[in-house]
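Quick caveat: nothing in here was measured; it's all calculated off a predicted structure.
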Amino acid sequence: MVKSINFVVLGKQDIASEFGKKGTETDLTLYDRKESDIIKTWVAPSGFPDKIQPLFQAINLAEYVIFHVDKLDKFTGEQIIALDSLKKDKGILSHTFEVDESKLDAMIKGTVVEKYVKVDQEKIKEEMDKLEPISTDGISEMVIDHCFDVKGVGTVILGKVTTGKVKQYDNLKLYPAGIDVLIKSIQMHDDPVEESLCPARVGLAVKGAKPDEVGRGDVICEEGAVVIKTEIEIDFQKSPFYKSEIAENQGCLVNIGLQIKAAKFTSISPLKLTFEKPIVCKSGQIAIILKPESPTIRILGSGQIK
């Protein structure tokens, strides 16, 4: 069985081109390489820092972080806060010669980034090669990051198997729409496979869903494996760097997994959010509240879904 490892590349994102071959390129850019029986994928949030959304989506696609810091500014701060909010504690940290190491150490103090293995740039690859695949058993579940129509094939969905395995001819559900989908075929690293094991990056040819019915962050899984909601309560922690006040009926964006959905605060204590459109979620999952229009930090805070 082919194994998989997924990395997110932050800071100076162009180092990803040294690791793998460029594939899909939107506001997320993917690179991959097959080494013996392991497929390694690197995702860079190429739409960041112009937009905050791709940062969280890219981090959510990875088991490991490669953070190559090339400047100490508010965007580096946002990346540190994002990693800490999502509790991404497995990673490699390096920096360019221009970066003051003592200032970087001060920025990461008390965050998950402090736990990363610190190396010089030329040792990143060597350190990466020591990392082992992390697989999660369980029911078949996959999160979607891209979807398009391929002539002669039909709907093709790209994403990551988040638990269990996905097999050819599986009958699964697309959520939040609740549409039945049949997995016609599966590809990994452009090779056809009969099944793919978490945390594989896959391309699925599916029957039952059209591309305009599929969105980033949607989930394909066994029936009833996820919950569809339009309101959630979270154990909210406001970011100490976000200085504005929050109030009932104020609007925001919420990131859950790869979903970015518009919501408003219906209660502040406890913190409740009501969404314009249904979301896919699970209890314990981390919800990040974003204010893309904020002139300073764009991360308002976060919390686990109750």
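When all heavy atoms are compared, the tightest approach of Pro45 to Ala58 is CB-CB, 3.8 Å. The two atoms that bring Ile179 and Gly208 nearest to each other are CG2-O, 3.3 Å, heavy atoms only.
Side-chain heavy atoms closer than 4.5 Å link hydrophobic residues (I, L, V, M, F, W, Y) into clusters, and following such links, possibly through other members, connects Val8 to Val113. Hydrophobic clustering keeps Leu83 apart from Ile92 (ILVMFWY residues linked when any side-chain heavy atoms are closer than 4.5 Å, directly or through intermediates). Side-chain heavy atoms closer than 4.5 Å link hydrophobic residues (I, L, V, M, F, W, Y) into clusters, and following such links, even through other members, never connects Ile139 to Tyr169.
One finds no salt bridge joining Glu194 and Lys167 here, because no Lys/Arg side-chain nitrogen approaches an Asp/Glu carboxylate oxygen to under 4.0 Å. A salt bridge does not link Asp149 with Lys210: every distance from a Lys NZ or Arg NE/NH1/NH2 to an Asp or Glu carboxylate oxygen is 4.0 Å or more. Under a 4.0 Å N-O distance rule, the pair Arg201/Asp32 does not qualify as a salt bridge. With salt bridges taken as basic N to acidic carboxylate O contacts below 4.0 Å, none links Lys103 and Glu101. Under the 4.0 Å criterion applied to side-chain N and carboxylate O atoms, Asp218 and Arg216 are not assigned as salt-bridge partners.
Side-chain contact check for Glu195 versus Val166: every heavy-atom pair is 4.5 Å or farther apart. For the pair Thr162 and Cys198, the minimum side-chain heavy-atom distance is 4.5 Å or more.
The neighbour count for Lys90 NZ, taken as heavy atoms of other residues, nucleotides or ligands under 6.0 Å away, does not exceed 12. Atom CD of Glu248 sits in a crowded spot, with more than 12 heavy atoms from other residues, nucleotides or ligands closer than 6.0 Å.
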>> Working note: Thr96 + His68, criterion side-chain hydrogen bond (donor to acceptor under 3.5 Å, both in side chains); need CA distance, chi angles, decisive distance, verdict.
In response: CA-CA 7 Å; Thr96 57; His68 184 50; 5.7 Å; no
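Legend: salt bridge (charged side-chain N to carboxylate O under 4.0 Å, His left out) pairs involving residues 124-140, not counting sequence neighbours, sorted by first then second residue: Glu35-Lys125, Lys40-Asp129, Lys125-Asp129, Glu127-Lys130. Listed by first and then second residue, the ring pair (Phe, Tyr, Trp, His ring centres under 6.0 Å) pairs that reach into residues 32-61 are Phe7-Trp42, Phe19-Trp42, sequence neighbours excluded.
A salt bridge (charged side-chain N to carboxylate O under 4.0 Å, His left out) with Glu141 is found for exactly one of Lys160, Lys282, Lys165, namely Lys282.
At least one donor-acceptor pair under 3.5 Å links the side chain of Gln79 to the backbone N or O of Gly11. In this structure a side-chain-to-backbone donor-acceptor pair under 3.5 Å is missing from Ser294 to Lys291.
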